[in-house]
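In what follows, residues are counted from 1 in the order of the sequence shown. Hydrogens, waters and symmetry mates are skipped; everything else that's a heavy atom, side chains included, is used. Not measured: the values here are computed from a predicted model.
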Amino acid sequence: MSKYIFNIALIGVLFMSDNNDCNFLSLQAENINDLFCNIFENIHIGIFIYFEDNIVFANHFFLDMFEYTLDNIKTEKDFIEKIAPENFLFLIQYFDKLKENIVPTFHCQFKGKTKSEKNIFVKLWANSIEIKNKKAIICSLQDVTEQKIIEMELDQLASYPDLNPNPIIETTTDGEITYLNPKAKALFKNLEKNKSMSKLISIDFEDQKAFTEIIQFENLHYECFGSYLPHIKRYRLYFINITDKKIAEDKLHLANQVFDHTGEGIIITDDLRNIISVNPAFTKITGYPSNEVIGLNPKILKSDRHDDNFYKKLKYNLNKKGEWKGEIWNRRKNGEVYLQWMAINTIKNEKDEVLRYIAIFNDITALKQFKKDVEYLSHHDPLTGLPNRILLQDKLLYYITDARGNNKQIGIFFIDIDRFKNINSTLGHLIGDLILIEVKERFEKNLPSDATMARIGADDFVILLPYVSDLNTISDFAAHILREMERPFHIKKQDFFLTVSLGISIYPNDGDGIKTLFQNADIALSRAKEKGGNRYELYKPEMNGAAFENLVLENNLRKALRKHEFSLYYVGRSWFGHHGGQHHLPCPLVPGCPSPHRGLSLFDVHVYGRC
């Protein structure tokens, strides 16, 4: 720290005057003068400048250290002698050596005296600077009284090792133990006289030099201070339990690691909400390096997507609850607006005064877009972009709810491309997909603005035509769809001619629920395909009977196949000529089986009904 202070002092020279306690003589910009004066006054280390046998500058920390005021320094002479009576001549001697460039720098520790005659121990660093082409001395001082008292207590305890509350061990220069005090015996139970310390401490005892080493023993951490005692040719090792300190250091190190390596951006501000620290993730997300934002307000990131009420609520929560969390739009350095999830917390002292604000945030722009994409895909067909069955049902429910109050009808069109499977199996799915896309585009081209089109299967489309006033509108629209299919599909330099079949149900005539309306439109579609396709069929109630008969027949045939109930029958067929003669035609064997459920054979239904 002292080297840093010396470098600052070389930028400009400080002197004291009645009008300005702190002033830089050789600097042109007043704001720079204010900056360095502020640094000197707020840095937690004493600073003074010794020029022409007087102290011409001293910061408040120095004055507080020795309990003097600025006026005392201005009026009293030989001030160095007052604050260092036992070391006055020693300090002046080295100040002269600095002025004469005999030594480049100088540092020492001395016992000082405050105005109230209290002894303090001070570390001093000194360097020379120039004022008006003359040498001056700038000094920085640190109060080490507490540390010195601890050292003196340890030295005193060292004289009576048996009474020392900390473990003490003495060894030879070979590391062989010669003495353990009671505390060491209690702690290091596996150590005793004549045993080596080399397994516990990795030090070359033959160097006969003082050392410090951190050791771990049974989950506890100790700082070992070793000093060589030449009069007895022994090492004395002092062990101080630093487990709590080590845990605190590890936590601090972990916090620093998290701060530097987390993927979340972190902003720390002072109580006035000016930025004092940001982590690397902040720079990665916002594009601002730390040196461009330190000292600024976080509002430099403001995107203008939120109104004043948003920020008023944010500040209210911080002031009343001490925290705020939510989504907020901010702006990167390159101008790009992005969405982030942010949590802001207030750090207070024991007096409930605000010390810091800490904001942690994530860029969730991509996540938000991903969720929108997932939401879209869950309600739309990925090939055509049309609504899928889920969204179609929501639309129909909306139309039904609205139509009930307006006495309007809704047309539900089930559309199936005739023989589309042949295209996929012969030309491949790529051609099939291109045809599906063009079918969608043809249907949409003249679709009413309030209608909805959906794809619910491979080649199955549904159109909802709401607010229909009469049956002719529905029939005209169905005919229009059929005409749209008359033009060939030109795909990959080939022309394809396709037709579609349509089944139509009408709300409320053919049902008042989604399931019923869909089911009846599907039945009508089946009837249109049975009649050869390329046509539309309006649902009629009697279609349900035929559909049910076909379903029962199909189920019974499947059961008969599983139970091996089929037998082969020879069936003769005959016809009568013009003169009444009967002619018999050969017919191949056909399968048939009795049906106990219907009173006639499946043979009768299948052969006579279908052949």
Side-chain angles (χ1 to χ4, degrees), residues 1-27 32-99 103 105-132 134-149:
M1 184 178 290
S2 60
K3 184 177 180 180
Y4 171 68
I5 294 169
F6 295 152
N7 291 337
I8 292 176
L10 293 174
I11 296 175
V13 179
L14 291 143
F15 76 99
M16 295 170 60
S17 67
D18 294 333
N19 296 327
N20 191 359
D21 292 340
C22 178
N23 191 23
F24 282 86
L25 294 176
S26 59
L27 294 175
I32 297 178
N33 175 66
D34 294 339
L35 172 64
F36 284 104
C37 285
N38 187 52
I39 292 173
F40 279 131
E41 289 303 331
N42 290 284
I43 195 167
H44 288 274
I45 195 164
I47 298 174
F48 73 85
I49 294 179
Y50 186 73
F51 180 63
E52 294 183 341
D53 300 328
N54 288 301
I55 293 180
V56 296
F57 167 80
N59 70 347
H60 290 293
F61 203 83
F62 171 85
L63 297 172
D64 293 342
M65 188 185 301
F66 289 96
E67 301 175 354
Y68 283 96
T69 65
L70 204 58
D71 291 334
N72 295 145
I73 297 177
K74 290 180 180 180
T75 56
E76 295 193 30
K77 296 182 179 180
D78 301 324
F79 193 75
I80 298 295
E81 186 174 0
K82 291 183 180 295
I83 65 173
E86 297 179 15
N87 303 95
F88 167 68
L89 295 176
F90 173 75
L91 292 175
I92 295 300
Q93 178 184 356
Y94 268 91
F95 287 173
D96 290 340
K97 288 182 179 182
L98 286 171
K99 293 177 185 177
V103 291
T105 60
F106 164 64
H107 64 88
C108 69
Q109 181 173 303
F110 66 90
K111 185 167 74 172
K113 191 174 290 291
T114 67
K115 187 178 181 181
S116 62
E117 298 294 319
K118 183 176 70 175
N119 291 328
I120 62 173
F121 292 92
V122 179
K123 279 187 177 181
L124 176 141
W125 294 266
N127 201 352
S128 64
I129 59 174
E130 285 192 4
I131 299 179
K132 300 177 181 178
K134 293 183 179 181
K135 290 287 186 178
I137 306 299
I138 181 169
C139 298
S140 58
L141 302 92
Q142 182 181 2
D143 187 347
V144 294
T145 305
E146 278 190 34
Q147 181 181 342
K148 187 65 177 178
I149 291 173

Could you list the residues that satisfy side chain to side chain contact (heavy atoms under 4.5 Å, CB included) with Lys118, not counting sequence neighbours? Glu67, Thr114, Ser116, Ile120
When rounded to the nearest 0.5 angstrom, what distance separates CG in Asp64 from OG1 in Thr69? 10.5 Å
If you look at every heavy atom in Leu63 and Leu70, which pair is closest and at what distance? CD1-N, 3.9 Å
What is the minimum heavy-atom distance between Phe66 and Gly112, and which atoms define it? CE2-CA, 4.4 Å
NZ of Lys113: more than 12 outside heavy atoms within 6.0 angstrom? yes
Determine, using ring centers only, whether Phe79 and Tyr68 are less than 6.0 Å apart. yes
Scan the side chains in residues 86-99 for donor-acceptor partners under 3.5 Å anywhere in the protein, sequence neighbours excluded, and list what turns up.
| residue | atom | partner | partner atom | Å |
| --- | --- | --- | --- | --- |
| Glu86 | OE2 | Lys111 | NZ | 3.2 |

Could you tell me the separation between the NZ atom of Lys115 and the CD1 atom of Ile83, rounded to the nearest 0.5 Å? 14.0 Å
Roughly how far, to the nearest 0.5 Å, is the CZ atom of Phe48 from the CD1 atom of Ile138? 9.5 Å
Nearest-0.5 Å distance that lies between atom CD1 in Ile131 and atom CD1 in Ile49: 5.5 Å
Inter- and intrachain pairs under salt bridge (charged side-chain N to carboxylate O under 4.0 Å, His left out), touching residues 48-63, at least two apart: Glu52-Lys134
Rounded to the nearest 0.5 Å, how far does CE of Met65 lie from CD of Gln142? 8.0 Å
Quick check for you: to the nearest 0.5 Å, what is the distance between Asn127 atom CG and Phe106 atom CZ? 12.0 Å
Side chains of Asp143 and Thr145: is there a donor and an acceptor less than 3.5 Å apart? yes
Does Phe57 reach the side chain of Ile47, with side-chain heavy atoms less than 4.5 Å apart? yes
